[in-house]
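Shown next, in structure tokens, is the structure this report addresses.
As the structure lists them, so they are numbered: ligands from 1, and atoms in each ligand from 1.
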Amino acid sequence: MKTDVIIIGGGSTGCGIARDLALRGIPHCLIEKGDFAAGATGACHGLLHSGARYVVNDPEMAAECMSENMILRKIGVKCVERTGGLFVRLPGDSKKFRDIFLKRCEEAGIATETLSRSRALDLVPNLNPFIEEAIKVPDCSIDPFRLCMLNITSSLKRGGTVLRHSKVVDIMREHGRCVGVKILDESTDEIREIRGRVVINAAGAWGNRIASLAGSGVPMTLSKGSLIVTNHRLTNMVINRLRPTSDGDIIVPNEAVCLAGTTSIPVGDPDEHTVTPVEVDVIATQARLMLPGFERTRLIRTYAGVRPLLQEDARDDRKISRGFRVIDHNNGMVSIMGGKLTTYRLMAEKVSDVVTEILGLKTVCRTAELPLEGQEELSGYPLSKRLKTLENVVCECELVTADDVERVAGKTGAGRIEDIQHRTRLGMGPCQGGFCTYRALGIMQEKGNMTPEESMRLLREFLERRFRGIKPALWGDQLREEQLVESIYLGILGMGRE
Ligand SMILES: Cc1cc2nc3c(=O)[nH]c(=O)nc-3n(C[C@H](O)[C@H](O)[C@H](O)COP(=O)(O)OP(=O)(O)OC[C@H]3O[C@@H](n4cnc5c(N)ncnc54)[C@H](O)[C@@H]3O)c2cc1C
């Protein structure tokens, strides 16, 4: 197979590049070893930053976040929930930091409004009633899975090729230049060659591994961050702690649940995703200080991702810039490193500019003006809009219907339950798929997407994955809920007998 541009990585950056190139009319092929958003993108908070979090340490990056936030809320109405955000100052938190924060926000063009305790409690009744004050900023919540799918829609509509579950295992070079890649197709176990004029390395935390296949390197620092998921939406606004960035100072509402995090731990391996009980404890303790309701809520899951940060000589990886860098290796490979989900569109624009120059083309970027395509299929916000579609509900937590499952299974040819989960949010709510996954697999099997044996294998794999995420937060009511789920699968469905 031949194309002009090969994109390695189907996270927000790679999917954004595919959309950008598609709108410029440049043939391309995106290769992803898992599903879209399999890396840091699918493991993030889903916070569309206003930039306020970074404004004290990295004002330039903060201003970038603000302008991208404004673009994304306009072009991605159905994947961005305009929640707004509060930075809350707790007793003992520095007033001096608050003054610098407000000044820097003004300089970076981030709109702020200082709220008294009672006004903040009117907006978020679950807030700690003893906060000193809160500052309102234009943070939003964003669905990273939907964001990737919508970007890919533009690529597919314009003839782009997208290969999922295909891993780049080698980069082909002739006379020192990259001329293509070798990929291992997971479904056939075959190695295929794809030739291209430029190879883009958008492999996030795996970027250095990819660059080394082409005899290059990219300077990166890897930082693991862990998150916890609650069984309730405890707040309708993003809540941040007004202090220098630290562990456990962000809570983001995400449809029916809340995501709280995060930690920042240097790691050497991009596949290091272990969440330790200590991390869970730290995040939950910090979150409770902002939203005391955390004390009584069930933690239904934990997960972790690895940030691909620019390498800098900083002892504390929180001090490393969240900015990005485009590296032209001058051998037919261009790498894009660092950045945030929030700035993915800008990152894609900058890397596509470099690529068009290498190809000797004159094109302009249109991604900031045109709405993301494919949004008509989504119900949008608030979640309650979906109550209208109460027929044949398969997943009660996220209101996913049998029709949704059939539509996605038909489109993806799904032999994987994650395809359905990422595209519909099935199983992402309070029961974490405990009550709906077997129903969805039943539908897929009835519709001929898989055999009964395959559906049982997928169910088993799903349960193992699910348990890995749930295990670090198993106590109290969640432990009881888990016993109920266990009795459904091992008892009623008899899965323990094999
Ligand atoms: C815990 C955490 C919380 C975060 N929260 C936020 C937030 O709230 N807001 C925000 O703006 N940013 C956040 N970030 C940062 C943000 O998630 C990342 O900067 C962004 O998602 C990176 O996207 P990416 O596409 O560059 O990398 P990734 O999403 O990691 O994508 C790289 C892709 O490359 C694929 N790949 C790797 N090797 C190969 C190969 N050999 N062949 C084929 N494919 C390959 C991987 O499977 C992966 O899907 C967070 C990050 C973490 C870790």
Side-chain angles (χ1 to χ4, degrees), residues 6-18 30-51 53-54 61 64-65 68-69 72 85 139-145 147-148 151 163-171 181-186 199-213 220 222-228 238 240 250-252 254 259-265 267 270-273 275 279 283 302-310 317 322-324 335-345 347-348 351:
I6 294 170
I7 307 160
I8 306 174
S12 53
T13 312
C15 295
I17 297 169
L30 180 143
I31 302 158
E32 164 55 51
K33 69 180 165 75
D35 191 12
F36 304 122
T41 301
C44 82
H45 267 109
L47 168 54
L48 181 63
H49 287 277
S50 58
R53 180 168 168 82
Y54 302 109
M61 202 262 159
E64 248 168 40
C65 282
E68 286 303 305
N69 173 311
L72 273 173
D139 282 343
C140 297
S141 167
I142 183 166
D143 186 316
F145 298 101
L147 181 72
C148 287
N151 275 275
L163 304 174
R164 293 181 303 132
H165 303 286
S166 301
K167 182 177 181 179
V168 170
V169 288
D170 202 3
I171 304 223
V181 295
K182 286 188 184 173
I183 61 167
L184 174 67
D185 184 330
E186 201 188 89
V199 176
I200 303 181
N201 171 12
W206 296 265
N208 199 32
R209 288 195 184 164
I210 294 294
S212 65
L213 295 175
M220 291 173 74
L222 303 184
S223 158
K224 185 193 77 167
S226 298
L227 290 119
I228 56 179
V238 174
N240 300 265
I250 309 178
I251 303 167
V252 184
N254 180 282
L259 312 178
T262 170
T263 49
S264 188
I265 299 171
V267 289
D271 292 299
E272 171 54 58
H273 291 150
V275 179
E279 285 179 286
I283 299 168
T302 64
Y303 61 93
V306 177
R307 301 178 185 88
L309 304 179
L310 300 174
D317 54 6
R322 264 48 173 171
F324 65 88
S335 292
I336 171 100
M337 290 299 120
K340 299 288 296 173
L341 177 89
T342 303
T343 53
Y344 90 95
R345 193 212 59 82
M347 294 164 72
V351 81

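In terms of protein heavy atoms, atom 36 (N) of ligand 1 is closest to K33 CE, 3.8 Å. Nearest non-hydrogen protein atom to atom 7 (C) of ligand 1 is L47 O, 3.6 Å. Looking at atom 28 (P) of ligand 1, its nearest protein heavy atom turns out to be A40 N, 3.6 Å. Annotation: atom 27 (O) of ligand 1 to nearest protein heavy atom, G204 CA, 3.6 Å. Of the protein's heavy atoms, V168 O, 3.1 Å lies nearest to atom 41 (N) of ligand 1. Nearest protein neighbour of atom 34 (O) of ligand 1, counting heavy atoms only, is G9 CA, 3.3 Å. Scanning all protein heavy atoms for the shortest distance to atom 21 (O) of ligand 1 gives T41 OG1, 3.0 Å. Looking from atom 14 (N) of ligand 1 to the surrounding protein, the closest heavy atom is K340 NZ, 3.6 Å.
For ligand 1, the polar-atom distance check against L341 finds a nitrogen or oxygen pair separated by under 3.5 Å. Ligand 1 has no nitrogen or oxygen under 3.5 angstrom from a nitrogen or oxygen of S226. For a threshold of 3.5 Å applied to N or O pairs, the pair formed by G339 and ligand 1 contains at least one separation below that value. Note: an N/O pair closer than 3.5 Å links E32 and ligand 1 by distance alone. Polar contact check, T342 against ligand 1: a nitrogen or oxygen pair lies under 3.5 Å apart.
S50 and D139 share a side-chain donor-acceptor pair at under 3.5 Å.
Checked by atom type and distance alone, the side chain of T41 pairs as donor or acceptor with a backbone atom of S12 at under 3.5 Å. The closest donor-acceptor contact from the side chain of T263 to the backbone of S226 lies under 3.5 Å. A donor-acceptor pair under 3.5 Å links the side-chain atoms of N151 to the main chain of L147, judged by distance alone. Of the possible donor and acceptor atoms, one in the side chain of N69 sits under 3.5 Å from a partner among the backbone N and O of H49.
Ligand 1 lies nowhere less than 4.0 angstrom from a heavy atom belonging to A37. The closest approach between any non-hydrogen atom of S12 and ligand 1 is below 4.0 Å.
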For L259 and Y303, what are the C-alpha separation, side-chain angles and deciding distance, and is it a side chain to side chain contact (heavy atoms under 4.5 Å, CB included)? CA-CA 10 Å; L259 312 178; Y303 61 93; 3.4 Å; yes
**Prompt:** Yes or no on side chain to side chain contact (heavy atoms under 4.5 Å, CB included) for R307 and T262, after CA distance, side-chain angles and deciding distance?
**Reply:** CA-CA 12 Å; R307 301 178 185 88; T262 170; 3.2 Å; yes
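In this structure, K33 is positioned above the aromatic face of W206, its NZ or CZ under 6.0 Å from the six-membered ring centre and within 45° of the axis.
Looking at L48 against ligand 1, nothing comes within 4.0 Å, counting heavy atoms. With a 4.0 Å heavy-atom cut-off, ligand 1 is reached by no atom of P270. Neither the backbone nor the side chain of P144 comes within contact range of ligand 1; no heavy atom lies under 4.0 Å. Using a 4.0 Å cut-off between heavy atoms, M347 makes no contact with ligand 1 at all. Using a 4.0 Å cut-off between heavy atoms, C65 makes no contact with ligand 1 at all. Contact annotation for I210 and ligand 1: only side-chain heavy atoms (C-beta onward) come within less than 4.0 Å of the ligand.
Closest of all the heavy-atom pairs between P144 and L341 is CB-CD1, 4.2 Å.
In the candidate list R209, R307, H45, H45 is nearest to atom 8 (O) of ligand 1, counting heavy atoms.
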